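When a residue number appears, it is its place in the shown sequence, counting from 1. Hydrogens, waters and symmetry mates play no part in the numbers below; they use all other heavy atoms, side chains included. Computed from a predicted model, the values in this text were never measured in an experiment.
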Amino acid sequence: MLTTFWAVVLLWTSVACAAPRTLAERFAQSQPFLIAHRGYQPDAPENSIPSFTRAGELAYAAIETDVRLTKDGKLICSHDASFKRMFGVDLTVETTDFENLRRHVMKKGRKVETYPAEKLRPPTFDEYLDICARYDCVPFIETKGPIAVVKPVLDALAKRGLLDVAVLSSVPIEHIREARRLSKSIFVHHIFSKPELLDEIAAMGNAGVSWDYPDPTRAPRDLLERTHAKGIKYCLRGADTPEAFAQQKACGCDYFPTNVTVPER
């Protein structure tokens, strides 16, 4: 009986150790690479501890969040520069100290009334990374605000050994350039890119883009083909209906940001 027990333990350990770790290995898996946009929003407010946790429980490949730098240099997860929409207070992240921001509680979002106040304070970047680690999800990070946010995000990832696991994305191309200048191993993803930037992004290596086509059938095939031909991965807008998801797969998308589509078990 003891021998059988240890055989099972050794088998489980070998499987766990063999599980994909790097982003490249995860991309190579057969199942679609689904990204929970700001966490799983149907069950919790966006960019909250509950939305991140729910995304992990549902086994998303990645959990996306938006990261900003407070006035005193702390990293928190918030899509908006202002706390007015989600928290009901007219405070700007970049001009407010962390402790002041953390005392506020989310007022908006799905099922917000079902969660305790402590779960609805603005998450720190470390809290988000802890949840990603707990559920073995890729951190898919969108840097927001001034370019100064890029370095502390990369420093936090480096400290945890996540530079070859995480994704750093941003709308401003300057953030992407800064990320590549500081790290050769982080996967960079340019949001709503432009065709004229393809050569530059290809030269960066280990990169992806999103193309701004809400209707996948309108995405130019020649543009998609050129993107892959240059070694760049791509996605389109949110895969939020079965039809859009199927169309994006037919378009050859490498990953799929979504607000609602759930991974198959």
Side-chain angles (χ1 to χ4, degrees), residues 20-29 32-38 47 60-69 75 77-79 125 128-129 132-133 137-213 219 223-239 248 252-258:
R21 287 287 304 145
T22 68
L23 186 64
E25 290 170 325
R26 293 168 195 256
F27 276 145
Q29 292 181 316
F33 194 98
L34 280 167
I35 305 161
H37 184 235
R38 306 181 202 170
N47 280 327
Y60 278 87
I63 303 173
E64 191 266 356
T65 193
D66 308 279
V67 180
R68 293 180 176 275
L69 197 63
L75 294 170
C77 301
S78 175
H79 176 271
F125 187 49
Y128 159 78
L129 291 177
C132 290
C137 297
V138 169
F140 203 106
I141 304 142
E142 181 176 347
T143 55
K144 294 274 197 176
I147 198 171
V149 70
V150 174
K151 186 178 188 304
V153 165
L154 292 176
D155 288 345
L157 294 173
K159 185 176 180 180
R160 290 173 178 249
L162 293 175
L163 287 177
D164 63 349
V165 176
V167 174
L168 188 142
S169 68
S170 198
V171 173
I173 188 63
E174 292 78 13
H175 284 219
I176 301 303
R177 291 168 178 154
E178 177 71 355
R180 179 54 76 238
R181 184 183 73 82
L182 294 170
S183 170
K184 303 304 179 187
S185 55
I186 189 75
F187 186 94
V188 291
H189 170 81
H190 188 218
I191 301 170
F192 302 155
S193 197
K194 303 295 182 185
E196 57 267 28
L197 292 171
L198 275 178
D199 286 341
E200 179 183 355
I201 293 169
M204 292 180 184
N206 198 27
V209 298
S210 65
W211 295 119
D212 190 11
Y213 291 96
L223 175 62
L224 303 183
E225 290 170 1
R226 279 194 291 130
T227 305
H228 271 168
K230 291 180 180 293
I232 302 169
K233 297 186 183 298
Y234 64 79
C235 67
L236 299 175
R237 295 294 291 266
Q248 289 185 16
C253 290
D254 299 287
Y255 37 95
F256 306 86
T258 180

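Cys235 contributes atom SG, which lies 4.0 Å from atom NE2 of His189 (distance to the nearest 0.5 angstrom). Summarising the geometry, atom SG belonging to Cys137 is positioned 4.0 Å from atom CD1 belonging to Ile63; distances are rounded to the nearest 0.5 Å. Taking CG of Leu168 as the start and NE2 of His190 as the end, the distance is 11.5 Å to the nearest 0.5 Å. Residue Thr143 holds its OG1 atom at 7.5 Å from CD1 of Ile191, rounded to the nearest 0.5 Å. Interatomic distance, CG of Asp66 versus CZ of Phe140, reported as 11.5 Å (0.5 Å rounding). From Leu154, atom CG reaches atom CG of Leu162 across 11.5 Å, with rounding to the nearest 0.5 Å.
Judged by distance alone, the side chain of Ser169 and the main-chain N or O of Ile141 form a donor-acceptor pair under 3.5 Å. Side chain of Glu64 to backbone of Arg38: a donor-acceptor contact under 3.5 angstrom is found. Looking at Thr258, its side chain never comes within 3.5 Å of a backbone N or O of Ala36 through a donor-acceptor pair.
Scanning all heavy atoms of the two residues, the minimum distance from Val149 to Lys144 falls at CG1-O, 3.6 Å. When all heavy atoms are compared, the tightest approach of Asn206 to Arg180 is O-NH2, 3.2 Å. Of all the heavy atoms in Ala158 and Leu163, the pair that sits closest is CB-CD1, 3.7 Å. Closest approach of Ile186 to Ser183, counting heavy atoms only: N-OG, 3.2 Å. Closest of all the heavy-atom pairs between Val138 and Tyr128 is O-OH, 4.4 Å. Thr65 approaches Cys77 most closely through the heavy-atom pair OG1-CB, 3.4 Å.
Residues Arg160 and Val165 have side chains not in contact (no heavy-atom distance under 4.5 Å, counting atoms from C-beta outward). Looking at heavy atoms from C-beta onward, Lys194 lies out of side-chain contact with Val209 at the 4.5 angstrom threshold. Put simply, the side chain of Leu157 reaches to within 4.5 Å of the side chain of Leu129, judged on heavy atoms. Residues Gln248 and Pro32 form no side-chain contact, since every pair of their non-hydrogen atoms from C-beta on lies 4.5 Å or further apart. Two residues are said to be in side-chain contact when any heavy atoms from C-beta on lie closer than 4.5 Å; Pro195 and Trp211 meet this criterion. At a threshold of 4.5 Å between non-hydrogen side-chain atoms, the residues His37 and Phe256 do not count as touching. For the pair Tyr234/Cys253, a side-chain contact is recorded, criterion being any heavy-atom separation below 4.5 Å from C-beta on.
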Quiz prompt | Worked verdict on Ile232 versus Arg226 for side-chain contact (heavy atoms from CB on, under 4.5 Å) | solution = CA-CA 9 Å; Ile232 302 169; Arg226 279 194 291 130; over 6 Å; no

Self-check item: Residue pair Phe187, Thr22: steps toward the side-chain contact (heavy atoms from CB on, under 4.5 Å) verdict
Solution: CA-CA 10 Å; Phe187 186 94; Thr22 68; over 6 Å; no

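Taking the six-membered ring for Trp and thresholds of 30 and 60 degrees, Tyr255 and Phe27 have nearly parallel ring planes, at less than 30 degrees apart.
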